[in-house]
Amino acid sequence: MFIPTVDLSDKRPSVVSQIARACRELGFIQVVNHGIPLEVMDQKSKLLRDTLQVRLGPDPSPVEIPEICRNEIVGSMEHSSQTSWRALDGAVIPGSIDNPYAEPNWWVANRARRGWVDVKPIAGALIINVGDILQILSNDEYRSVEHRVLANPCREPRTSVAVFFNTTNRDGLFGSFPEMTSPEKPALYRQLVFSDYLKRFFTKELDGKSLKDFYRMAAAITVTADQEPHDRLKALKAFDELKTGVKGLVDSGITSIPQIFIHPSDTLSTSSIQYDPDIIPTIDLSALDGDRRPAIVDQIARASRERGFFHVLNHGIQSEVMDQTIKAVKGFHELPTEIKSKMYNRDKGHSVSFFSNVDLFHNIEAVCWRDSLQIMVGSNRLEDEEIPEICRNEVVEWHSQLKPLAELLIGFMCEGLGLDKERLKEMKFSEAGAIVGHYYPYCPQPDLTLGLKSHTDASMLTILLQDHIGGLQIKHNGNWVDVKPVPGALAVFVGDILQMIFNDEYKSGEHRVVANSGREPRTSVPVFFYASNMDASYGPLPELLSLDKPALYRQFSLSDFIRRFFADDWDGKSLLDFYRI
Ligand SMILES: O=C(O)CCC(=O)C(=O)O
Ligand SMILES: [Fe+2]
């Protein structure tokens with residue numbers, strides 16, 4: 001890939017156009033003839049060790065900088081600021097040896113080619129990166145580029161010195177410059193206060209992802225491929241307006257998947273471990289009122305602690321009821337397009353909605369190869385007549401059969417922690433939640449996309465019914481493990497809410513679904529159990545806390561939790577981190 005090197009001694013119009021082009025296309029430039037003498041650059045690299053971070057305001061107080069490199073750092077600031085935008089005059093300088101074995105190579109992500117590109121050091125050159133704030137100010141005219149550094153395989157250590165220029169006006173309001181916006185190109189970001197930006201940057205909420213996406217307005221989807229954001233948004237809208245979901249694309253005979261479905265290669269990681277009964281426990285619930293009860297409690301507690309996921313067999317629900325439910329949901333998705341598309345909507349006010357990708361417009365990476373029918377239950381929201389007739393009786397029956405099972409399982413989970421089995425009964429969790437009927441049609445390029453991307457469930461408990469096709473995977477010790485469907489079994493996931501209430505004694509299990517490579521479509525029906533009382537305050541149960549085990553989560557209300565889950569700027573990360581103390 002072309003990494004532009006700009007000679008700053010060239011004529012100004014040429015320098016301006018080269019820099020503008022590089023900022024637009026790559027967000028990354030090397031500059032030579034920048035006016036900083038080589039000796040000044042060399043002095044620094046001999047002096048810094050590990051990571052030294054120096055914060056500087058407009059008037060640095062150099063006495064705090066270690067004497068061994070004080071003059072060199074202050075000198076470098078003076079030199080750099082001559083070539084920088086004066087308004088951005090607060091800086092942080094980390095000088096780092098990333099690892100004693102770091103090859104002197106920088107790598108820049110080229111998402112368009114889905115690879116990392118080596119940035120070879122050029123003698124005497126400095127590297128200029130467009131930062132996220134400049135991208136926001138320029139309303140995406142300029143791009144900040146993703147980059148990383150490999151571990152150093154050489155004996156000789158590598159040193160780098162980065163100066164980050166930020167504004168000192170911490171309380172000023174920033175946003176895309178008005179000159180950069182127009183009716184055709186509206187502002188893509190919300191206004192932000194720099195102190196808020198910094199606060200977020202240093203909180204646990206940010207897991208290294210770009211803050212740009214936090215400030216980006218819902219409708220403005222970032223681009224991960226070689227598309228302009230407007231093209232991507234147009235493509236998402238066009239897909240949504242078809243109202244026929246992914247199945248509609250397959251029925252139209254496409255042989256390659258549209259760009260919006262293509263995931264970055266690092267999230268696809270196709271290598272997976274085959275089904276292993278030691279990793280995926282199957283718990284037999286038969287004779288649960290006899291001698292076997294303590295053993296069942298034990299197995300459920302262990303699986304919830306170690307995996308956040310297990311299968312249950314002999315759960316009391318007849319296999320015909322399971323089959324009918326799958327068949328009815330599949331039948332809905334296979335209704336003639338004219339009928340089904342009338343029900344397509346993603347309005348939050350509806351109890352029943354059919355759509356493809358609940359997060360279609362907030363997804364910052366790529367969307368998935370799946371359609372869904374979502375039915376909200378509880379708080380008197382669901383009138384049975386709203387459920388499509390083709391699956392109404394089956395869905396209502398399914399939910400009523402599952403409620404006692406959910407109560408039973410949560411009772412076991414409580415017992416496994418030494419709590420009364422009725423401890424969570426007052427939450428009335430079995431009466432509120434969502435029933436979702438997923439449909440994963442054949443995907444012509446299953447290696448480029450996912451059926452459902454990696455997540456934990458934002459529920460208390462999820463009970464999943466799936467057909468025989470397979471594709472569900474759980475994450476175990478960093479590997480994706482195939483969950484082979486076990487005939488007659490139901491899959492159970494510990495959800496985030498239970499993890500918080502049980503103060504991390506049990507874990508919500510990370511899982512995903514690969515895109516369906518077979519001609520036969522896959523159907524699954526997860527039921528997510530929440531709690532009926534939306535405004536009560538929940539948090540880690542006091543009985544589970546002690547001096548050695550303090551509360552790991554703040555108190556929360558379900559209404560707040562659900563609002564955040566469906567918020568426009570929620571990017572699909574676990575909400576656990578948000579509530580974690
Ligand atoms: O379809 C599946 O197997 C999994 C569905 C799921 O994980 C979800 O909807 O949260
Ligand atoms: Fe899930």
Side-chain angles (χ1 to χ4, degrees), residues 245-247 267 272 275 280 304 307-312 322 325-326 329-330 332-333 346 353-360 363 367-377 395 398-399 402 406 433-443 446 449-476 480-487 489-499 506-518 520-530 561-562 565-566 570 572-576:
V246 171
K247 180 169 189 301
T267 59
S272 58
Y275 176 73
I280 299 171
S304 306
R307 306 279 188 267
F309 173 84
F310 52 92
H311 274 137
V312 285
M322 296 169 72
T325 307
I326 288 283
V329 168
K330 187 162 182 259
F332 166 79
H333 286 283
R346 54 180 71 252
S353 2
F354 158 58
F355 47 73
S356 182
N357 285 272
V358 65
D359 54 355
L360 187 75
N363 205 305
V367 294
C368 292
W369 205 253
R370 167 186 98 257
D371 297 332
S372 308
L373 171 69
Q374 175 179 281
I375 300 160
M376 304 302 291
V377 190
V395 163
W398 184 246
H399 189 245
L402 229 48
I435 308 169
V436 179
H438 292 307
Y439 186 81
Y440 301 86
Y442 161 69
C443 178
T449 189
L450 286 168
L452 179 54
K453 67 179 190 177
S454 167
H455 66 286
T456 55
D457 286 352
S459 59
M460 284 185 72
L461 183 81
T462 308
I463 303 182
L464 174 97
L465 165 69
Q466 60 168 328
D467 65 15
H468 62 283
I469 304 284
L472 175 64
Q473 296 183 324
I474 62 160
K475 187 93 160 268
H476 176 64
W480 287 108
V481 184
D482 292 328
V483 178
K484 200 177 81 186
V486 174
L490 290 168
V492 180
F493 293 93
V494 174
D496 290 346
I497 300 177
L498 219 47
Q499 174 164 343
Y506 293 159
K507 298 282 161 57
S508 58
E510 198 177 335
H511 53 284
R512 69 175 190 181
V513 180
V514 296
N516 184 4
S517 55
E520 196 180 344
R522 169 174 188 263
T523 305
S524 74
V525 186
V527 177
F528 302 91
F529 290 96
Y530 299 111
F561 184 90
I562 306 262
F565 182 76
F566 287 110
W570 187 69
K573 272 194 315 188
S574 166
L575 274 173
L576 290 177

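Just so you know, ligand 1 is whichever comes first in the structure, and atom 1 is the first atom listed for that ligand. Side chains included, hydrogens not; waters and symmetry mates left out as well; all remaining heavy atoms used.
Atom numbering of ligand 1 starts at 1 in the shown order; those under 4.0 Å from a heavy atom of P526 are 9 (O). The ligand atoms of ligand 1 that sit less than 4.0 angstrom from a heavy atom of R522 are 1 (O), 2 (C), 3 (O). If you number the atoms of ligand 1 from 1 as listed, the ones under 4.0 Å from a heavy atom of H438 come out as 1 (O), 5 (C), 8 (C), 9 (O). Near F528, the atoms of ligand 1 lying under 4.0 angstrom from a non-hydrogen atom of the residue are 8 (C), 9 (O), 10 (O). Heavy-atom proximity to L464, at under 4.0 Å, picks out these atoms of ligand 1: 2 (C), 3 (O), 4 (C), 5 (C). Numbered from 1 in the order shown, with element, the atoms of ligand 1 that lie under 4.0 Å from a heavy atom of V513 read 1 (O), 2 (C), 3 (O), 4 (C).
For V436, the closest heavy-atom approach to ligand 1 does not fall below 4.0 Å. Under a 4.0 angstrom heavy-atom cut-off, R370 registers as lying outside contact with ligand 1. Heavy-atom separations between H455 and ligand 1 include at least one value shorter than 4.0 Å.
In Q466, neither the side chain nor the backbone holds a heavy atom less than 4.0 Å from any atom of ligand 1. Proximity of D457 to ligand 1, defined as any heavy-atom pair under 4.0 Å, is confined to the side chain (atoms from C-beta onward). Heavy atoms of L452 found under 4.0 angstrom from ligand 1 belong exclusively to the side chain.
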Assess the residue pair C443 and W369 against the criterion (side-chain contact (heavy atoms from CB on, under 4.5 Å)); give the C-alpha distance rounded to whole Å, side-chain angles, the decisive distance to 0.1 Å, and a yes or no.
CA-CA 7 Å; C443 178; W369 205 253; 3.3 Å; yes
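When each of I326, L490, V483, V525 is checked for a side-chain contact (heavy atoms from CB on, under 4.5 Å) with Q466, only V483 meets the rule.
Atom NE2 in H476 sits 13.0 Å away from atom CD in E510 (nearest 0.5 Å).
Remark: ligand 1 and Y440 share an N or O pair separated by less than 3.5 Å (distance only, no angle test).
Judged by distance alone, the side chain of N357 and the main-chain N or O of V367 form no donor-acceptor pair under 3.5 Å. In this structure a side-chain-to-backbone donor-acceptor pair under 3.5 Å is missing from D457 to G495. In terms of modelled atom types and a separation under 3.5 Å, the side chain of H511 and the main chain of G509 share a donor-acceptor contact.
For F354 and F332, the gap between ring centers is short of 6.0 Å.
In terms of distance to the Fe ion (ligand 2), the nearest N, O or S atom of D457 is named OD1. When distances from the Fe ion (ligand 2) to the N, O or S atoms of H455 are compared, NE2 comes out shortest.
Nearest approach of V436 to S372, heavy atoms of both residues: CG1-CB, 4.0 Å.
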